[in-house]
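Below is one structure, written out as structure tokens, with a few remarks after it.
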Amino acid sequence: MINISFPDGNQKSFDEGVSAIDIAKSISSQLAKAILTATLNGETIEPGAPIYASGEIKFFTWDNIEGKKVFWHSSAHVLAQTILEFYPNTKLTIGPPIDNGFYYDVDLGEETIHEADFEKIEKKFIELARQKAEFKMRSQTKQEALDYYKSKNNPYKVELIENLEDGTITFCDHANFTDLCRGGHIPNTGLIKAVKITSAAGAYWRGNENNPQLTRIYGVSFPKQTLLEEYLQFLEEAKKRDHRKLGKELELFTFSQRVGQGLPLWLPKGAMLRERLENFLKAAQKKAGYLPVISPHIGSKELYVCSGHYEKYGADSFQPIQTPHEGEEFLLKPMNCPHHCEIYKSSPKSYKDLPVRFAEFGTVYRYEQSGELHGLTRVRGFTQDDAHLFCTNDQVKEEFKNVIDLVLYIFKTLDFKDYTAQISLRDKENRSKYIGDDANWEKAENAIIEAAAEKELNTVIEYGEAAFYGPKLDFMVKDALGRSWQLGTIQVDYNLPERFDLEYTGADNQKHRPVMIHRAPFGSMERFVAVLLEHCEGKFPLWLVHNQVAILPVSDKYNEDAQNLLKLLNNYDIRAFVDERSEKVGRKIRDTEIQKVPYMIILGEKEIESQKISVRRQGKGDLGSFGVDEFAKLITEEIKKELN
RNA sequence: GCCGAUGUAGCUCAGUGGUAGAGCACUUCCUUGGUAAGGAAGAGGUCACGGGUUCAAAUCCCGUCAUUGGCUCCA
């Protein structure tokens, strides 16, 4: 007999060789049906495998992340099985679960998979899953495993096995299919009731672009058909929030082939939106003691040779601009920092001057790889809400914390609640990617870690994500489809002050190096607007929206009254317009709703007689009658609340 | 940059070798209305661009450009 204890503290005895499913059955048959995976003493076990030792058992279902991962991992096996049915010469590589499903990387040889094939793959997948094959693990020696895959002419699996310890190599069989596998499966394939192949794309073996390119087949599977339908619904919703679609509809920005790839053109409404965002930040920065500076869009190549940017990115950037003079070269600026360093140097600094904080909405140009361009989130010309803080060593932490406050203020105002603060440090293995000495790096990394801790930020540490000149604190947010983007960033830099020979005179009358903090709370205005659009689904807060109020006369007869009302509202600094079209009021309301104008005023005989306006709120409907003063107050109060 | 897909009217899209289509938007006219689509007529396209095959190409083939889903990259 063995003793099994449960998370709630209960204990039960079972015969040796009992399986996790048997144990679940002893509690309830419903649980036994629902469990996808289990752990014994924290180790994942196969639900159907016999247990010979006492321990603590835990069950996981679809409602747990652990359950989903195992479900999707098992689905990847079935996907591979399905692919082999259609493409028997396929070489399998790896097939892990991901946040929203799973993928399998396969080498199809000469074959290609097209979107048109997805349906037949899905059909076959479910057909195979319905066989309710059990997943069974077995061990093999390293030599046996290597021989097996060598005989199958599969160099990928051979490479994987070569990196494994003998004695730890296991395979998983189900039906006629076998795969190298660490383990952790659902009881049988029959639990997979629905599957959707979402895309097929190229992916390099082991993520290295020098390696052969494989075909990565993405899928997502569910234990119930209705869950798949809900998922498809979610994708539809996400499409509606896509900033590229909303940007077009709201006439914010466009692209032109003739201007060039990745070079956004801001339309008037978009430009005005940006202006409001910029003014908002400028006001906050003024309060925080920033000084505005302005620098040109190009700079001498020497400037970037000095900063190290040219060595690091020169070959993959827009190439130098020539002048009529031999040997004279300029670069489109990829960064504002070198210019700001020169501004710092324009006059001698004393410790009494520090910290100095130079801020500029600086437009920079980076030659991003063509395949990487994406709407406004990844472009080749964009404006950073950049600032560089020059301070003494003692001031670094305090300044850093003040910047964190500024970023959080912006996030709060714009209702970004779901963000991660990522501490981006050096790659532990590959130090050659970075400039500057170890001692300074360590100082900078510690300053960030401490400042984040003192601000009680929830942080994750990512190694290898630092900039080449210093570590960063990055604020990451997700777009409508769950893709993660970096918005705000704060970076501590001991290197550029060194390279640009920046100094200040200390109280000891000696020369000292200042420390630089690079920071951009929005990051890039382009990306920020994109993420903001997706976040609020195009329904901007009142202080930001283009038209706050639409005045809808019930008929042409009231157009003049509407114009008079418009003037009144303008006097209150309310942005409004009159819909003078010869349409019925129902039609005007519908169009205004679609345009996402927050407030509507219906104006007809009733309103003119009573001297009260009828107000509607977008998405909410009729709010009733208001005096004009009263309505104006409503608007100004709402804006005040939004901006705190 | 690499792998796959896509490119037809301002927008969303149909059109598998035989005279370019729909809905919405737009223009004009009728309608003058009460809280999410009133009616009619009209205008609008070198089917991304360049080659090729064919009696004939939006449609088939090749190339280029752009967009897009991934991979890699991201100062």
Side-chain angles (χ1 to χ4, degrees), chain A residues 103 105 108 112-117 198-218 242 244-245 248-249 251 254-258 260-262 304 307-314 316-317 333-338 364-375 377-378 380 384 386 424 435 465-470 472 474 481 483 485-486 489 491 493 496 518 520 524 527 552-559 582-594 600-607 614-624:
Chain A
Y103 66 80
D105 279 351
L108 293 167
T112 49
I113 287 185
H114 302 275
E115 235 166 88
D117 304 322
T198 47
S199 74
Y204 301 107
W205 169 236
R206 303 211 133 179
N208 185 330
E209 61 181 321
N210 301 316
N211 284 342
Q213 188 151 37
L214 309 166
T215 303
R216 176 169 298 177
I217 302 161
Y218 284 90
D242 191 316
R244 293 164 298 189
K245 179 180 146 73
K248 207 179 262 178
E249 283 172 7
E251 297 170 6
T254 188
F255 290 88
S256 150
Q257 276 196 39
R258 306 188 69 186
Q261 259 189 306
Y304 302 98
S307 72
H309 289 102
Y310 190 76
E311 194 197 340
K312 184 88 183 162
Y313 297 105
D316 300 316
S317 294
K333 72 176 170 189
M335 287 291 288
N336 299 301
C337 21
V364 296
Y365 301 89
R366 299 178 184 174
Y367 191 79
E368 305 289 0
Q369 295 184 23
S370 61
E372 202 41 68
L373 300 172
H374 178 89
T377 51
R378 196 79 183 269
R380 286 179 173 166
Q384 294 180 312
D386 213 356
S424 303
I435 59 173
E465 292 295 316
F468 75 96
Y469 51 74
K472 313 188 281 179
D474 293 327
L481 283 165
R483 290 178 290 207
W485 296 97
Q486 177 200 306
T489 179
Q491 314 172 358
D493 182 2
L496 284 191
H518 309 239
S524 111
R527 177 177 295 175
L552 313 180
V554 170
S555 89
D556 296 358
K557 284 187 237 160
Y558 311 107
N559 280 356
S582 166
E583 292 289 351
K584 290 190 174 181
V585 72
R587 176 54 182 271
K588 292 185 184 180
I589 289 170
R590 178 183 150 82
D591 290 347
T592 314
E593 286 280 344
I594 289 167
M600 281 157 255
I601 295 174
I602 315 291
L603 196 66
E605 195 180 353
K606 216 163 63 189
E607 287 72 22
S614 298
V615 178
R616 254 187 89 95
R617 175 85 216 210
Q618 201 265 355
K620 290 210 178 95
D622 202 347
L623 296 187

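A, B, ... follow the sequence lines: proteins, then strands. Residue 1 opens every chain. Since the model is a prediction, treat every value here as computed from it, not as a measurement.
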When you check the phosphate oxygens OP1 and OP2 of [N], does a side-chain N or O of [X] lie under 4.0 Å from one of them?
{"X": "A/Arg244", "N": "B/rU68", "result": "yes"}
{"X": "A/Lys584", "N": "B/rU35", "result": "no"}
{"X": "A/Tyr218", "N": "B/rC71", "result": "yes"}
{"X": "A/Arg590", "N": "B/rU35", "result": "no"}
{"X": "A/His114", "N": "B/rA5", "result": "yes"}
{"X": "A/Lys588", "N": "B/rU35", "result": "no"}

Using the [atom1] atoms only, state how far [M] lies from [N], rounded to an integer number of Å.
{"N": "B/rA58", "M": "B/rC49", "atom1": "C1'", "result": "14 Å"}
{"N": "B/rC30", "M": "B/rU19", "atom1": "P", "result": "39 Å"}
{"N": "B/rG23", "M": "B/rG42", "atom1": "P", "result": "13 Å"}

So [X], base contact, sugar-phosphate only, or nothing? Heavy-atom distance under 4.0 Å.
{"X": "A/Lys312", "result": "nothing"}
{"X": "A/Gln618", "result": "nothing"}
{"X": "A/Arg378", "result": "base"}
{"X": "A/Gly207", "result": "sugar-phosphate"}
{"X": "A/Glu249", "result": "nothing"}
{"X": "A/Lys472", "result": "sugar-phosphate"}
{"X": "A/Gly371", "result": "base"}
{"X": "A/Ser370", "result": "base"}
{"X": "A/Ser307", "result": "nothing"}

Fill in: Base-pairing mate for B/rC2 - Watson-Crick or G-U, with both contacts under 3.5 Å
B/rG70
Considering only [options], which nucleotide approaches the side chain of [X] most closely?
{"X": "A/Arg587", "options": "B/rA75, B/rA5, B/rA25", "value": "B/rA25"}
{"X": "A/Lys557", "options": "B/rA75, B/rU32, B/rC2", "value": "B/rU32"}
{"X": "A/Ala201", "options": "B/rU35, B/rA37, B/rC3", "value": "B/rC3"}
{"X": "A/Gln213", "options": "B/rC3, B/rG33, B/rU35", "value": "B/rC3"}
{"X": "A/Gln261", "options": "B/rG38, B/rU67, B/rG34", "value": "B/rU67"}
{"X": "A/Glu607", "options": "B/rU35, B/rG33, B/rA36", "value": "B/rU35"}
{"X": "A/His374", "options": "B/rC74, B/rG69, B/rG34", "value": "B/rG69"}
{"X": "A/Tyr313", "options": "B/rA75, B/rG34, B/rG38", "value": "B/rA75"}
{"X": "A/Arg366", "options": "B/rC74, B/rC71, B/rU32", "value": "B/rC74"}

Worksheet item: Is the closest basic N to carboxylate O distance between A/Arg616 and A/Glu593 below 4.0 Å?
Response: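 Result for this pair is yes, salt bridge flagged.
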Worksheet item: Taking the six-membered ring for Trp, are A/Tyr469 and A/His518 parallel (under 30°), tilted (30 to 60°) or perpendicular (over 60°)?
Response: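 The arrangement is parallel - the two ring planes meet at less than 30°.
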Item to complete: To the nearest Å, give me how far apart OH (A/Tyr103) and P (B/rG69) are.
Response: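 After rounding, the gap between these two atoms is 19 Å.
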